[in-house]
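None of the values given here were measured: they were computed from a predicted structure.
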Amino acid sequence: MTTHTGHMHSAKRSRPFAEGLTVFAAVILMIAGVLDILRGVMAIAEDEVFVSTPDYVFQFDLTGWGWVHLALGAVAVLVSLGLFQESLWARVAGVAIAGLIIIANFLSLPYYPVWSIVMIAFSAFIIWALCVTRWDDSGSELR
């Protein structure tokens, strides 16, 4: 009996931590999305802030990368709104979009290297925060 009560107390105590991680992921994903939108707009306008590396294996048109980052940023902002509602679909989509942001930033490293690394780190924290929480069969968080 004591073990059962202790387990329930432990689960209730860890729930704010799980909710905090979901809010953390939602906020960071929203920030990453807005920054990706701005980066996309800068790339579409072919702003002078971007570096040109002629011998990069994954070389693409800067305007094309702008549209990719703009689209990923818009989807990230929408998914972050779902994370504030603690939706399971938003949690799964958040992991997926953060993974795509990592890939896009890796492939566009030569255009904006330091910021690409920062965005990769942000996205890794988002994935961690969304994956660390366990769910039961009813869809509610355990910890």
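Judged as a side-chain contact (heavy atoms from CB on, under 4.5 Å), and not counting sequence neighbours, the contacts of Leu70 are Ile37, Val41, Ile44, Trp67. When the side-chain contact (heavy atoms from CB on, under 4.5 Å) test is applied to Ile102, the partners found at least two apart in sequence or on another chain are Ile120, Ser123, Ile127. Judged as a side-chain contact (heavy atoms from CB on, under 4.5 Å), and not counting sequence neighbours, the contacts of Val27 are Val23, Ile31, Phe84. Residues passing the side-chain hydrogen bond (donor to acceptor under 3.5 Å, both in side chains) test with Trp89 are Ser87, sequence neighbours excluded. With sequence neighbours excluded, the residues that form a side-chain contact (heavy atoms from CB on, under 4.5 Å) with Phe24 are Ile28, Phe125, Ala129.
Ser80 and Ala26 get closest at one heavy-atom pair: CB-O, 3.3 Å. Closest approach of Ala104 to Leu72, counting heavy atoms only: CB-CD1, 3.5 Å. Ala90 and Val79 get closest at one heavy-atom pair: O-CG1, 3.4 Å. Residue Ala43 comes nearest to Gly66 through the heavy atom pair CB-CA, 3.4 Å, listed as atom of the first residue, atom of the second, then distance.
Side-chain contact check for Leu109 versus Ile117: some heavy-atom pair is nearer than 4.5 Å. Trp115 is listed as a side-chain neighbour of Leu35, based on a closest heavy-atom distance under 4.5 Å. Looking at heavy atoms from C-beta onward, Ser108 lies in side-chain contact with Arg39 at the 4.5 angstrom threshold.
Between Leu130 atom CG and Ile97 atom CD1 the span is 12.0 Å, to the nearest 0.5 Å. Taken from CE in Met119 to NE2 in His69, the straight-line distance is 8.0 Å, to the nearest 0.5 Å.
Taken together through direct or relayed side-chain contacts under 4.5 Å among Ile, Leu, Val, Met, Phe, Trp and Tyr, Ile126 and Val92 form parts of separate hydrophobic clusters.
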>> Walk me through whether Leu83 and Met30 qualify under side-chain contact (heavy atoms from CB on, under 4.5 Å).
In response: CA-CA 10 Å; Leu83 284 172; Met30 180 165 295; over 6 Å; no

>> If you apply the rule side-chain contact (heavy atoms from CB on, under 4.5 Å), what do you find for Leu29 with Phe122, and how did you get there?
In response: CA-CA 8 Å; Leu29 187 61; Phe122 271 16; over 6 Å; no

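A distance-only check finds a donor-acceptor pair linking the side chain of Asn105 to the backbone of Ile101 [under 3.5 Å].
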